[in-house]
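What follows is one structure encoded as structure tokens, with my remarks underneath.
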Amino acid sequence: MNPFRRVRPTYDEVRPDLVKIERRLMLRSALSLGALSMLTGCNLEDGDSVDEALKIMSRFNDKVQAALFSNDHLAATFPPGAITKPFPFNAYYGMADIRTVDAASWRLELSGQIADRRPWSLAQLRELPQQRQITRHICIEGWSAIGDWSGVPFSVFLKRIGADLRARYVGFKCFDDYFTSIDMATALHPQTIMALDYGDSPLPPAYGAPLKLRMPTKLGIKNPKYIAAITITNHNPGGYWENQGYNWFSGS
Ligand SMILES: Nc1nc2c(c(=O)[nH]1)N[C@H]1C(S)=C(S)[C@@H](COP(=O)(O)O)O[C@H]1N2
Ligand SMILES: [Mo]
């Protein structure tokens, strides 16, 4: 079966099933119900308590994933011939509702634990070193695709603006009202880039123009498109899907 040829269901269609599968996997494979209730201190006979237990398990899972994450471990890269064409579009809405901005007047806003919070234009970002990557993007909806992004290594940018690299989180606000956040270790990973280009052209609207954060070490939901603002903080900013129950770390 070719995974790229599938007709993709919407999140609304797929989400209840995902939640059920997640429940079954977590409740069956790892632990018995009794052990889970002892570990989490929750009575698992009612739905709210099961939700609470799953949240505790998900937070535990975040810690395990963070402990296993290493900046020396690189995600696979691919030759140009492996690029998926056309690369799929995805968002929490359909293509007809894609939001665009004027590239010349767009500015990246900065806040939080940063020494120099002056906003950045696209021209300024293009003056920084650029890096190209052909990597696999994995979406929680059950599809994956190989794409070709280029842009500024995020670690270079974070050092340049004097971000507090000991802070725990980097939060992203997007102008389509999406938001997400990542751990600092992933922000500093050598394959985490501020993508300005797709292939040999500026990032098109479908893929998040003018700026998206591209990380092959995290699932699609954690790769924000249409970025408007970045914040550096010790308080977990959460995310659009993460706040609805998807695992926060979501490594891939
Ligand atoms: N701003 C914004 N970023 C987003 C999303 C979104 O809806 N809005 N969807 C996420 C999800 S679930 C996926 S799979 C990828 C899709 O990126 P693509 O359109 O380049 O394939 O964007 C991610 N980043
Ligand atoms: Mo996704």
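Whatever order the structure lists ligands and atoms in, that order sets their numbers, starting from 1.
Ring centers of Trp149 and Tyr207: at least 6.0 Å apart, outside the cut-off.
Looking at Asp176 next to ligand 1, an N or O pair under 3.5 Å apart turns up. Close N/O approach between Trp241 and ligand 1 is not found [any backbone or side-chain N/O within under 3.5 Å]. Between Lys225 and ligand 1, an N or O atom pair is found at a separation short of 3.5 Å. Checking only distances, Tyr92 does come within under 3.5 Å of ligand 1, N or O to N or O. For the pair Tyr207 and ligand 1, the shortest N or O to N or O distance does not fall below 3.5 Å.
If you take CZ on Phe179 and CG on Asp177, they are separated by 10.0 Å, rounding to the nearest 0.5 Å.
Using a 4.0 Å cut-off between heavy atoms, Ala145 makes no contact with ligand 1 at all. Here Asn223 has backbone heavy atoms under 4.0 Å from ligand 1, and that is the only part of it that gets that close. If you look at Ala91 next to ligand 1, the close heavy atoms, those under 4.0 Å, come from the backbone and the side chain alike.
Ligand 1 places these atoms under 4.0 Å from at least one heavy atom of Phe89: 19 (O). Applying the 4.0 Å criterion to heavy atoms of Pro88 picks out, from ligand 1, the atoms 18 (P), 19 (O), 21 (O). With ligand atoms numbered from 1 in the order given, ligand 1 contributes 14 (S) to contacts under 4.0 Å with heavy atoms of Cys139. Residue contact check: Cys174 has heavy atoms under 4.0 Å from atoms 1 (N) of ligand 1. Under a 4.0 Å criterion applied to the non-hydrogen atoms of Ile221, ligand 1 contributes the atoms 12 (S).
The heavy-atom pair separating Pro210 from Leu196 by the smallest distance is O-CD2, 3.9 Å. The two atoms that bring Met215 and Asn223 nearest to each other are N-OD1, 2.8 Å, heavy atoms only.
Using a 4.0 angstrom heavy-atom cutoff, Glu141 does not count as in contact with ligand 1. Residue Ala206 places a heavy atom less than 4.0 Å from ligand 1. At least one heavy atom of Phe87 sits less than 4.0 Å from an atom of ligand 1.
Ion pair Asp197/Arg214 not flagged as a salt bridge, since none of the NZ, NE, NH1 or NH2 atoms sits closer than 4.0 Å to an Asp/Glu carboxylate oxygen. For the pair Asp183 and Lys222, the salt-bridge criterion is not met [side-chain N within less than 4.0 Å of a carboxylate O].
Ring geometry, Phe154 versus Phe172: the interplanar angle falls from 30° to 60°, so the pair is classed tilted.
Heavy-atom neighbours of Arg132 CZ from other residues, nucleotides or ligands within 6.0 Å: above the threshold of 12.
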Donor-acceptor contacts, no H, no angles, side chain residues 158-166, under 3.5 Å, sequence neighbours left out:
{"residue": "Asp164", "atom": "OD1", "partner": "Arg166", "partner atom": "N", "Å": "2.9"}
{"residue": "Asp164", "atom": "OD1", "partner": "Arg166", "partner atom": "NE", "Å": "3.3"}
{"residue": "Asp164", "atom": "OD2", "partner": "Gln113", "partner atom": "NE2", "Å": "2.8"}

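No side-chain N or O of Trp241 forms a donor-acceptor pair with one of Thr180 less than 3.5 Å apart.
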